Novice: 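Could you have a look at this structure, given as structure tokens, before my questions?
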Amino acid sequence: MNGQWRLSSSFERWLYVMAVAGFLTLATGLFFSPQRALGSLLMAGFGLVCVGLAGIFFVAILYASGAAWGTAFRRVPEAMSAILPYGAAVLAVVFLFGSSLYPWIDNRREIAGFKAVWLNFPFFLARAVLYVALWLLFTRAILKTSRLQDDTRDPAARRRNAKLSVMFLVVFGITFSLASFDWVMSLEPNWSSTIFGIYNFAGLFSSGLAVIILLVIWMRRVGPLRDFVTDEHLHDLGKLLFAFSTFWMYIWFSQYMLIWYADIPEETVHYIGRQHQYWMPLFILNMLLNWAVPFVVLLPKRTKRTGNLLAKVAVVVLLGRWLDLYLMIQPATGGSNPQFGPWEVAAIVGTFALFILVFARAMRSAPSVPLGDPFLAESLHYHN
Amino acid sequence: MSGRVMVGIFQDEHDILSVTREVRKEGYTILDIYAPYAVHGLDKAMGLQPSHLPWICFLLGLIGAAAKIWFEYWTSASDWAINVGGKPWNSLPAFIPITFEVMVLFAGVSTVIAFFIVSRLYPGRRAATVIPGVTNDRFALVLEESDAAFDPVQVRRLLERYGAVEVIERAEEFLP
């Protein structure tokens with residue numbers, strides 16, 4: 001079970017080519033079209049960090065709630081979290097060139113009051129290091145306990161990880177909220193929305209579930225999870241995707257409606273640009289991809305239990321996630337019209353290839369199911 | 001409806017599941033199963049068709065949402081238009097939260113009412129149990145003694161093989 005499965009060597013070679021080509025293109029883009037390339041890099045780095053966090057967040061939820069059903073495929077979200085340091089490295093490059101992206105770094109006159117204290121570059125970097133360090137520490141600790149249990153078969157490991165998970169969930173809630181304020185919201189330093197953190201969390205988790213679904217279906221098809229994952233597991237993952245894409249819409253609308261109602265110029269400025277000209281169709285499409293399509297398609301029981309259909313919905317949600325990040329980041333970096341060109345394509349190709357490579361290596365580094373977990377048997381016989 | 005029924009009484013969830021599968025495989029007609037709680041997988045073992053309730057829930061939800069959108073438009077933009085905060089009279093974002101609530105209300109309440117109607121439950125209805133034990137710790141499988149091919153002795157033996165603690169025969173009129 002351990003290490004039998006691997007990427008086919010030709011596919012692996014292609015992925016290396018795609019990853020290197022993607023990130024090299026973006027690196028040259030930093031000289032040709034710095035604003036757009038930086039925006040794309042920020043999307044790539046933040047997107048990858050979010051996928052990694054979604055993985056460890058899902059694992060932590062399983063432990064903290066004492067859930068048995070997800071044990072059979074827990075190694076998939078565990079392996080997803082391996083992308084975290086890579087995403088953080090991409091973000092580090094973005095911050096290195098940060099002064100052209102974040103207007104408050106050079107134009108100190110633009111901000112005042114508490115923002116002038118909070119948004120200063122050394123403090124910003126120190127915070128980023130702190131967030132990422134906390135995430136990595138908790139991820140490493142939870143994964144280590146989970147993998148030790150494969151050999152020791154010690155049921156107490158579950159309790160130890162439950163404690164770690166509860167602590168992580170609290171830390172995650174605070175740090176991720178602040179990270180999304182720092183890294184994304186401060187692109188428009190005079191605009192603020194207190195719900196922005198949870199709005200980003202909603203996107204993180206619904207797209208993270210879509211990634212988990214795609215990887216679980218893939219792992220079931222190619223081998224490592226073939227005898228472990230059933231339609232019952234897919235059914236529950238589908239229910240979660242349904243629930244959290246609706247949650248995303250709920251939070252999206254909560255942010256939009258309050259700003260629309262209050263109609264304060266420094267708040268509405270965020271939406272006015274995004275609701276005019278060529279941005280408007282994308283603004284509508286965002287809601288369709290992230291909510292309307294998954295909501296309608298996932299309503300019947302059958303779609304949640306059919307791997308092929310569920311995978312298609314997950315792809316739609318991932319497209320929606322890309323568009324959501326695009327609409328958050330690119331209008332703020334100074335693009336007056338939506339543009340899709342080499343830098344955007346390079347970011348998509350590079351992040352996809354890098355993620356698959358890192359995931360495959362992490363997946364191979366441990367047995368494909370947690371053999372020592374006392375809940376494994378219950379999860380294998382799980383039914384709704 | 002003057003046929004006779006055979007009732008097998010079991011005391012274990014697993015027994016009722018396996019006997020249900022076996023009885024269905026043999027082709028006997030299951031009239032109903034009574035259990036003190038919802039047994040996982042019993043609907044599949046009985047071969048029950050998917051419920052129609054989700055459709056009622058979905059359609060009534062849609063009707064509720066549409067009716068509320070229309071009503072809000074009618075009150076705030078048509079019948080007695082009042083300018084609130086300089087917003088347009090027909091302000092869709094302001095209508096959404098209430099539309100959502102009314103959709104949930106219609107969908108939820110109508111599903112419960114539809115459930116009561118299809119299961120013929122109403123206030124004051126006399127509780128009907130095949131034996132009193134099914135409200136506590138017994139599971140009862142009710143089979144129709146449909147035709148001459150139904151051999152009571154053979155079926156009784158089958159039920160006992162699967163752990164029936166008691167097998168009784170009754171006229172169908174006495175059933176709930």
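Just so it is clear, the model here is predicted, and its values are computed rather than measured. Chain letters run A, B, ... following the sequence lines, proteins first and then strands; every chain starts at 1.
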Novice: Could you tell me which of B/A94, B/P97, B/G85, B/P54 has the largest number of non-hydrogen atom pairs under 4.5 Å with chain A?
Specialist: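 Max contact count across the listed options: B/A94.
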
Novice: Is A/F253 in contact with chain B via its backbone, its side chain, both, or neither, using a 4.5 Å heavy-atom distance?
Specialist: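 Just the side chain, heavy atoms under 4.5 Å.
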
Novice: Looking only at side-chain N and O atoms, does B/Y28 offer a donor or acceptor that is under 3.5 Å from a partner on B/E145?
Specialist: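 There is no such pair between these side chains.
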
Novice: Kindly assign one of parallel, tilted or perpendicular to the pair A/W248 and A/Y199, based on the angle between their ring planes and the thresholds 30° and 60°.
Specialist: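 A/W248 vs A/Y199 ring planes: tilted.
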
Novice: Would you mind telling me which of B/Y37, B/Y34, B/Y162, B/F10 makes a ring pair (Phe, Tyr, Trp, His ring centres under 6.0 Å) with B/F139?
Specialist: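 Considering B/Y37, B/Y34, B/Y162, B/F10, a ring pair (Phe, Tyr, Trp, His ring centres under 6.0 Å) with B/F139 is found only for B/Y37.
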
Novice: Counting only heavy atoms closer than 4.5 Å, note whether B/F100 contacts chain A via side chain, backbone, both or neither.
Specialist: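 Contact with chain A involves no heavy atom of B/F100 at all.
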
Novice: State whether A/F242 and A/K304 meet the cation-pi test: NZ (Lys) or CZ (Arg) under 6.0 Å from the six-membered ring centroid, and within 45° of the perpendicular axis.
Specialist: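 Ring-cation test returns yes.
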
